[in-house]
Structures are given as structure tokens and as C-alpha cells.
Enquirer: 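If you scroll down you'll find the structure; I have some questions about it.
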Amino acid sequence: MIRLFVPGRLCLFGEHTDWAGHYRTMNAQIAPGAAIVTGIEQGITAEVERSSIFEVQSTAPQISSEWHDFACSMDEQELKRVARSGSFFCYCAGVASYMLEWYKVGGVRIKITDMTLPIKSGLSSSAAICVLVARAFNQIYNLNLNTMGEMNIAYVGELRTSSRCGRLDQACAFGVKPNLMTFDGDEIEVKPLNVKRPLHWVFADLSGEKNTIKILADLNKAYPFPSNEQELAEHEALGVKNQDIVNRAVEYMANGNAEALGRLMTEAEKLFDQAIMPMCPEELAAPKLHAVLADEYIKSLSYGGKGVGSHGDGSVQFLARDEQSQQKMVDYLNLKGMTAYKFTLHPVHTVRKAIIPVAGFGTRLYPATRYMKKDFFPIPCSDGMVRPVILILLEELVKSGIEEICLVLGSEEERKMYSDFFEHPLADDHLRKLNAECQEYENHIIDIGKRLHYVYQREKRGFGHAVYQAVQFAHGEPVLLMLGDTLYRSTTNKPCALQLIEAYERTNTLTLGLYPVEVSTVSHFGIMSGVWEDKKYQVLHVNTLVEKPKASYAEEFLGVRNAKGHKEYCSVFGQYILTPEVFEQLEADIKAADENPDAKGEIELTSALDKVRQRTGMYGVRLRGERFDMGNPQALVNTVATFATMDDGLV
């Protein structure tokens, strides 16, 4: 049983430009389409599992009592017949028929447990159900489709119904975050966006009527070649003028200029009314929509507003002035007989904390570790200085913008070594022997010490248990985890840690650095497998994570093809961005172990990561850099021999 959630989608800017941009395949004079689309908090939650047939059931309290569970044999012609029927299940059947035709899959049982997404309101409930079905088949039958693949199948599946959706509807596949989508003929590009400050949206079901099929049919009459001035105005509105609006919207969101963004919404609605509405005035005159947009009380609470989706009397959206205005607007719209929702776009929480577990004894480096912890072993560096391992790691974190760092120690007694090094200034008689550069470097070391926090792993219960000791330090924020016996050297002008942080900020999802290794060495590492999300083969959508697999197993099941078409094996680089869900899972694992004293084994981080992956997803990112293991004598020799000789890409 797999649990899935697919949100609805809200088009903030650029509606209709997806299908308009597709006409570039016939008329190169048409400008590419562009839209800003975000998933919303409302959506469809379901439990999915294998079945001998295709079934859609519901226990969702929001769904009408008139609901009847649906079942159909996995027969291509029967599924296509249902897809053409016009019922709610036509969308499900359209996707299922495509899956059967092209992937020869078996059946799936989908049980909808929660449905918070209003239907036929411009929020793409049909696209959400299509993505849900595509994702269910993908995960149940391990089809190794990435998010774009699921999105494309959902689109083709919906086209097998009477719907004539555009390509931006399936943006819900990318989750609850804003994306810039561009549409250039058959080519689609999706780029995640971030916002500088919280943006408080309100959208509402107008409880009106509109005929989306007629709207799309009438607007499509102007394509691919305009035949009069009005059709040319539609081309310009959905083309170059829309591109200008979208570009400004991206800028305002990035700068946190909510007031300008709201004004831009009003400007976009005015352009729509002038250039698009005359093409289908029966539907797009939209008296309910325009009455709400003109409401003076709403204007006092918002920076601006516009229609949603295909427009008409479906839904309306506003950018509220603040959180209090947002709630007042929702209450007011509900009193007016509409169904209103809050949605807030939050900045991705920049990672500002890091954890380094250094509680291990270093058995393989005995007897040196009898006196000195391995994270204080000296390493010659390319600038001529000899630094302890821990200082090299901490400097990478500081260069990456990390503000607070938690060291996980084995006991309070161990702290003295760190306090002596990072908190106590060098004695004057030693300091005087140093040159001016080194004396200044002493201040740098003390400054790093001010960022340090300490927690203790008093029981040796595994790596996951050690990481969990920092749960209070993390305090519900995403944190960067680095191994205490591994060094990293970037081959670019950005530290490896900063590369990982920036990758996380594009996904807001559990993210691990990945590093290709030979199949003969996979038994030493955690190995990720999945499908590439991008054409550069840099971001892996992870669908399998196995700790120290056998080479034979990895060769058969865990290899992924790189840009050259060669199979490679992606180990964990040794750097992770842990989301709050990881600490919640570690807590559950520790509690389960405590309640079962007969159970043996350690609390492993990999196990917790994989459970979180199954619920919320995971990405692996190919970092541009090298890693240097310090965990055994030969690795230590290799590190000392090569670390100082590598060109440091940092500037």
C-alpha cells in the first residue's frame, strides 16, 4: 500500500499560453507561452495498491453521498470507452488506457481518502486525478518515470477524454511550490521559483457556471494564423505581452514586492478583458467574476486580483495585503455564498544550521584514536597550512552560509578538546611566534567556535540515533548533515555544501549529494537509484535507497544511465539536507525499538531516510567536487597524499 497526495494547481499568470505556445509547431511567428503555476494545499489523497482490475474507490468525507465506486477490467477498448463517456471517471480511465497500451501494466486499486479540491473551479481537479493515476501506476509497477514523465502521461490521458486541457494543468505533478513554465511548440520547460517574503493568496470558487470547452474552442479559432485585428490582439496578449507580464511577476516574487505583484494581477486581468474576452463574450463577460473584482471591501484588503484558469465565472484569486487581510477576505467571500480558500507562498527556508556527528571512537585508526579523535587528525592543505579535519569541515560550512553548527559528541569529557581548540585563544608566547597572517587566522578560529553547539550520544545505538540527538538543535528547520570522517573539495567556485543547499532550495524536499562509484565498491556505501529529473543528468528522483548492497544486487537493480549512456552507481556523497520529517521518523524508530526490548539492531539513518522518501520523495544531486574518506588507514593515506595537491576551486 502506497499513500499519495496530488495538489490542485493555481495559475497565477499566463493562462491559455500553454496551448497557444504549442501552435509554434505550425506558425513560428507565435511567441512562446509562459506561465507561473503553483500547486496548492488543497488536493487529492489516496491509498494505492495492485489489483487484477482498475478500481477507483472513495472514503473521503468531502465526496458526495451520490458517489459510486468504479471498477473496470484492464481492457484497452473498455478503458477508452469509459474515457469518452464524460463521467468523473473518464479521466482515470483515459490515463489507465494509456498505461495499459504503452507499458502493459496490470491493474491498480485507488482509494481516495481525502478530497479537499473543489471540482470544475479552474483549479484542475481533472489534472490532479490524472496525475494521481499516472503516479499510482508508476510507483506500483516501478516504471521509473520522472515527474515530467508522469505529467506528460497525465496530459495525454486527459486528451483521451472530451477535455481539451492545456499543458499547464498538469503542473500539479510538481507539488506545492511555484514554477515558471515555458511552452515552445512541443518543448516544455519547468523552472522552480522562490519568493523573498510570504505572499498571502486567496482564491474562491465563484459558485457560478462556465463552459470551458466553448471558451477553449472559441479562443483556438485565432490559431495558428490570425485572420483579423481581434485575432491578432489575442496573439499579442497571449504572446509578447504575456511574456512581459510573467517576467515582471518573476522579478517581483523574487524581490518580495507584493504591492507591485498585486498591481500586475490587475493589469493582467485588464489585458485579458480587452484582448481575449471579445473572442468569447458569452462566457468571458463573467458578471460574477467582475463584480467580485470591483468589490470595494475586497480592494481594501488586497493588492490586486484576477480570474483563474480559463477565466469566466469559475474562480477568482487575490493577493491579500497581509495574513489578517487574507482571513478577513476568506470570511467575507464565504458570507457572500462563495467557497474561499487561503494559500500562502512561503520562501523556501534557507538552510542555516548543520550537524556533524563525531561521536565515534575510530576503531580502524587505533591506537592513534586512543589519544586523539580522528576529526583532529592533521591534513596538509593547498594553501600550505595544516588543518585538523574538523576545521576543514567547519570552514566549508561557514563559506556555505551556515550560521549554527551542532557537533554530536560521545560524552561531556570529549568537549574539552573542542573547547580548547575553538574557544580559548592561543597563549601569548605561542602567538608571538606566528606571522601576521597566522595571528589573524587565530581570530578566524575563535569566530568559528562561536557558532558551535554540542549534544551527546551517551548510548551507541547507531548513526541514526546519533543524528537524532540534535533534534532540539534542528528545531523543525531543514539542516545540513555532514560526516565527521569525510572531507570534500569542490571543483567549482562554490563549496559542495553550498551546491547542495541551492539544490534543496529548488525542491524543498529531502536531498542527498550523490557520487558515482565503481560497482565493486558499492558494499561500502548507501546506493541510490531512480530516474533523472533533468537533461543534464544532475538531479536524480530517487526511488530506491539501499544501504551497502552486494555488488551483484546493485549491478542488477541499482544502476542508472548517465549522459553517455553508461551505467553508473550513485553512492551517498556524505552530505544530506534533512527535513523535519526525518527527525520525526527517527523518533518513531527509536520509540519502536524502546517498546520492543527483544529487537536487536541499531537505529539506522538510511532506514529513516527511505521511509521519508516513500512519503514525501527524495532527490539526489550530483555535486561538482571530490570526497575524501578518513575512516580507515589506507583512506587516510590517500587523503593526506592528494588533498593538498588538488586545485581548490573556491574563490
Side-chain angles (χ1 to χ4, degrees), residues 354 356-400 402 405 407-410 414-452 454 482-498 573-575 623 625-651:
I356 306 178
V358 289
F361 171 59
T363 306
R364 289 176 295 177
L365 297 177
Y366 176 86
T369 50
R370 188 174 184 274
Y371 175 75
M372 178 185 293
K373 289 179 63 63
K374 60 184 176 182
D375 45 301
F376 276 93
F377 281 17
I379 303 294
C381 298
S382 57
D383 62 0
M385 283 192 176
V386 179
R387 293 173 173 84
V389 171
I390 189 64
L391 181 57
I392 297 173
L393 295 176
L394 295 176
E395 286 185 328
E396 173 164 353
L397 293 176
V398 171
K399 290 174 182 176
S400 301
I402 295 296
I405 303 160
L407 302 182
V408 184
L409 307 179
E414 293 180 0
R415 178 171 176 173
K416 185 178 185 302
M417 184 179 297
Y418 300 90
S419 298
D420 288 346
F421 190 90
F422 289 105
E423 298 173 21
H424 297 157
L426 198 64
D428 287 342
D429 58 333
H430 294 315
L431 187 63
R432 284 194 296 268
K433 297 177 181 178
L434 300 178
N435 60 34
E437 180 182 356
C438 290
Q439 290 183 15
E440 180 59 32
Y441 194 79
E442 267 294 294
N443 296 327
H444 169 67
I445 293 174
I446 299 301
D447 285 341
I448 289 178
K450 295 175 182 177
R451 302 172 190 247
L452 298 182
Y454 302 91
M482 292 177 67
L483 303 182
D485 58 1
T486 305
L487 294 178
Y488 313 93
R489 174 62 64 82
S490 173
T491 55
T492 76
N493 63 347
K494 292 182 181 179
C496 295
L498 181 56
F573 188 72
Q575 296 188 3
L623 303 181
E626 298 288 335
R627 71 179 180 196
F628 297 86
D629 185 11
M630 299 278 300
N632 61 74
Q634 187 57 54
L636 178 60
V637 170
N638 293 339
T639 297
V640 172
T642 61
F643 189 79
T645 61
M646 284 189 61
D647 290 334
D648 194 338
L650 301 182
V651 294

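Residue numbers start at 1 and run along the sequence shown. Since we're looking at a predicted model, the values are computed, not measured. Excluded from the calculations below are hydrogen atoms, water molecules and symmetry mates; all remaining heavy atoms, backbone and side chain alike, are included.
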Enquirer: Should V408 and V358 count as side-chain neighbours, where that means a heavy-atom distance under 4.5 Å?
Expert: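 Of all side-chain heavy-atom pairs linking V358 with V408, none is under 4.5 Å.
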Enquirer: Before giving the answer on side-chain contact (heavy atoms from CB on, under 4.5 Å), spell out for I390 and L407 the whole-Å C-alpha distance, their side-chain angles and the decisive distance to 0.1 Å.
Expert: CA-CA 10 Å; I390 189 64; L407 302 182; 4.0 Å; yes
Enquirer: Considering residues at least two apart in sequence or located in another chain, which fulfil the side-chain hydrogen bond (donor to acceptor under 3.5 Å, both in side chains) criterion with Y454?
Expert: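 side-chain hydrogen bond (donor to acceptor under 3.5 Å, both in side chains) list for Y454, sorted by chain: empty.
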Enquirer: Take F376 and V389, measure what side-chain contact (heavy atoms from CB on, under 4.5 Å) needs, and give me the verdict at the end.
Expert: CA-CA 6 Å; F376 276 93; V389 171; over 6 Å; no
Enquirer: Is there a side-chain contact between D485 and D375 in this structure, where contact means two heavy atoms from C-beta onward sitting under 4.5 Å apart?
Expert: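 Heavy-atom side-chain distance check fails, nothing below 4.5 Å.
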Enquirer: Only counting residues at least two apart or in another chain, list the ones meeting side chain to side chain contact (heavy atoms under 4.5 Å, CB included) with Y441.
Expert: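 M385, R387, L391, E395, H444, I445.
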Enquirer: Under 3.5 Å, sequence neighbours excluded: what are the donor-acceptor pairs made by side chains of residues 420-433?
Expert:
residue	atom	partner	partner atom	Å
D420	OD1	H424	ND1	3.2
D420	OD2	K416	NZ	2.8

Enquirer: Should the pair R489 and F643 be classed as cation-pi, given the thresholds of under 6.0 Å to the six-membered ring centre and 45° from the axis?
Expert: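 The answer is yes; both the distance and angle limits are met.
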Enquirer: Among residues at least two apart in sequence or on other chains, which ones pass side chain to side chain contact (heavy atoms under 4.5 Å, CB included) with P378?
Expert: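 Expected list: V386.
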Enquirer: Tell me, please, which residues at least two apart from N632 pass side chain to side chain contact (heavy atoms under 4.5 Å, CB included).
Expert: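 Expected list: R364, D629, Q634, A635.
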Enquirer: Side-chain contact test, heavy atoms from C-beta onward, threshold under 4.5 Å: evaluate it for L483 versus P357 and give yes or no.
Expert: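 L483 vs P357: side chains apart.
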Enquirer: Y488: which residues meet the ring-ring contact (aromatic ring centres under 6.0 Å, His included) condition with it, sequence neighbours left out?
Expert: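 With neighbours one apart ignored, the set is F573.
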Enquirer: For a 4.5 angstrom cut-off between non-hydrogen side-chain atoms, does L498 reach P495?
Expert: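 Yes, at least one pair of side-chain atoms sits under 4.5 Å.
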Enquirer: Before giving the answer on side-chain contact (heavy atoms from CB on, under 4.5 Å), spell out for N638 and F628 the whole-Å C-alpha distance, their side-chain angles and the decisive distance to 0.1 Å.
Expert: CA-CA 8 Å; N638 293 339; F628 297 86; over 6 Å; no
Enquirer: What distance separates I356 CD1 from L393 CG, expressed to the nearest 0.5 Å?
Expert: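 CG of L393 is found 5.0 Å from CD1 of I356.
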Enquirer: Please find the pair of heavy atoms, one from C496 and one from G625, that lie closest to each other, and give the distance.
Expert: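 Scanning both residues completely, I find the closest heavy atoms to be SG-CA, 4.0 Å.
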Enquirer: Does L452 reach the side chain of L394, with side-chain heavy atoms less than 4.5 Å apart?
Expert: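 In contact.
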Enquirer: So do M630 and K374 actually touch side chain to side chain, heavy atoms under 4.5 Å?
Expert: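 Contact flag for K374/M630 side chains = no.
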Enquirer: Could you grab the distance from atom CE of M482 to atom CD1 of I402, nearest 0.5 Å is fine?
Expert: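 Separation between the atoms: 9.5 Å.
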